[in-house]
Amino acid sequence: MFYFYFNISISVFFTVCYVALILYVRKHEERQRQCHCKESAIIETMEKKDIQTTQRTVSHTECNVPAHNCEMYKNLVRHEQQQKQCNSKKSPTKETMERNDKQTIQHMVPYTERNMSGRNCEIKHEEQRKQCHSKKSTSKETIERKDKQTAQRLVPHTERNVSGHNWEMFKNSVINTPPLHSDNNVKENLMKKTAPHKKSKKKNHLTTLIADHVTPLNEEVIYDENKKKLTKHIALDCEMVGIGDGTESMLARVSIVNRHGFCIYDKYVKPREPVKDYRTKVSGIEPHHLQNGEEFDIVQKEVAEILKGRVLIGHGLKHDLDVLYLSHPRKHLRDTSKFKTFRQLSRGNTPGLKKLAQELLGREIQTGEHNSIEDARSTMQLYMLYKNKWESECYSKR
């Protein structure tokens, strides 16, 4: 029974609350309607009064305001002034807007003056950046001009109408030049040392070095003792043989050349696995070369010691280093197959060393069997031709 009465009381309570809420809502709606009606009535009365006042003002202005209607005119003027004041309170005039704008500007001025110092610093930094960029662009242009001049001096006849004709002319010009240790050259070198300009020294030095490089393999080159030493820039090339199915490569020969083209290191390597294909037509390696070769571990250690702290030049260096199981810092690698100016000759594709040597050096290589010493020398000559441009691009990437 208790639960029964409890449920009844709860239901009664909720019904009473619901009814009270409905009554409250209806009262609220009625009040809103009344307020709306009052506002509409006030607006209508104001509009009627405005119309009447306009009619009266027109009639009075036409009659020039007689004396007995003076009081009515005063009342109308007062009414108009009151309306203007009400409108001014509702919507601010132009004068007040201008005053507010002036005040806001006065408040903002000190902050802008404070921020001007920061903006001036930003402008100075931008000017400095522009100046640095202009200096870099001018340096690149001068380097490109120097490279073009050296290329024109070193390779006078690169367009070859007949195979070997222009190369023979260039070879004769190099051979007919007087030796380095003649009296005339000694006098010229003394004059250059005393001269104030240093740029001409570098150009002539480069031309003499590269002229020494561009010599055929059939003729033996006589090197000075100074040119037989290790230099900071070295060129490497490897010859390989096929193992397994014949597709896998194994090291067979390593050749290293210094900056002047002198062969510093050249060794054959004993095979660690049975050779399937000697690739003699391409590599020039025969079985008796490998029988008298050096152990791979010894060759690997010796090459690693030579490469330490030096700039390595070559064509497709990734394959050579993979076969040697060695690595070298990327900033010290100069690969002729990845240089942009060389890739432009083959329309963005990887250029062949044979094509580069023929078009830029004016000489034919790899006509039959490959020679690792010849390939290393040609890569070094290509690097020396475009050394300034190449180094500038590497420096800008850092």
Side-chain angles (χ1 to χ4, degrees), residues 1-138 396-397:
M1 291 295 288
F2 175 77
Y3 289 109
F4 178 74
Y5 286 117
F6 181 74
N7 290 325
I8 290 167
S9 62
I10 288 169
S11 61
V12 170
F13 176 76
F14 280 112
T15 52
V16 170
C17 290
Y18 182 73
V19 171
L21 194 142
I22 291 166
L23 292 171
Y24 177 77
V25 170
R26 287 181 180 177
K27 285 182 181 180
H28 185 68
E29 289 176 354
E30 287 177 358
R31 286 176 184 174
Q32 285 182 350
R33 287 175 186 173
Q34 289 176 1
C35 291
H36 185 69
C37 292
K38 287 180 181 178
E39 288 177 358
S40 61
I42 291 164
I43 290 164
E44 287 177 358
T45 54
M46 290 291 288
E47 288 176 354
K48 288 178 182 178
K49 286 180 181 180
D50 291 330
I51 292 164
Q52 290 175 2
T53 51
T54 52
Q55 290 176 357
R56 288 175 183 175
T57 51
V58 170
S59 62
H60 287 295
T61 52
E62 288 176 354
C63 297
N64 292 323
V65 190
H68 63 277
N69 290 325
C70 185
E71 292 179 357
M72 292 174 69
Y73 182 72
K74 288 179 180 179
N75 292 323
L76 290 171
V77 171
R78 287 174 187 172
H79 184 69
E80 287 177 357
Q81 289 177 357
Q82 288 176 359
Q83 284 183 353
K84 287 180 180 179
Q85 289 177 0
C86 292
N87 291 323
S88 65
K89 288 179 181 179
K90 289 179 181 179
S91 60
T93 59
K94 291 181 180 179
E95 293 178 356
T96 55
M97 291 291 285
E98 289 177 355
R99 287 175 186 173
N100 291 324
D101 292 331
K102 287 179 180 178
Q103 289 176 0
T104 53
I105 290 163
Q106 287 176 359
H107 287 296
M108 292 295 288
V109 164
Y111 293 105
T112 54
E113 287 177 354
R114 289 174 188 174
N115 292 323
M116 281 299 288
S117 61
R119 289 180 182 175
N120 290 324
C121 293
E122 290 178 357
I123 291 163
K124 288 180 180 178
H125 286 299
E126 288 178 357
E127 289 178 353
Q128 289 177 358
R129 287 174 186 171
K130 288 179 180 178
Q131 289 177 359
C132 293
H133 184 69
S134 63
K135 287 179 180 178
K136 287 181 181 178
S137 61
T138 52
S396 62
K397 285 179 183 178

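Each residue takes its place number in the sequence, starting with 1. Just so it is clear, the structure is predicted and the values come from calculations on it, not from any experiment.
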- Gap between atom NZ of Lys27 and atom CD of Glu30 - 0.5 Å precision: 9.0 Å
- Kindly write out the residues that satisfy side chain to side chain donor-acceptor pair (under 3.5 Å) with Gln32, not counting sequence neighbours, or none if the list is empty. His28
Under 3.5 Å, sequence neighbours excluded: what are the donor-acceptor pairs made by side chains of residues 4-21?
residue : atom : partner : partner atom : Å
Asn7    : ND2  : Tyr3    : O            : 3.0
Ser9    : OG   : Tyr5    : O            : 3.3
Ser9    : OG   : Phe6    : O            : 2.6
Ser11   : OG   : Asn7    : O            : 3.3
Ser11   : OG   : Ile8    : O            : 2.6
Thr15   : OG1  : Ser11   : O            : 3.1
Thr15   : OG1  : Val12   : O            : 2.6

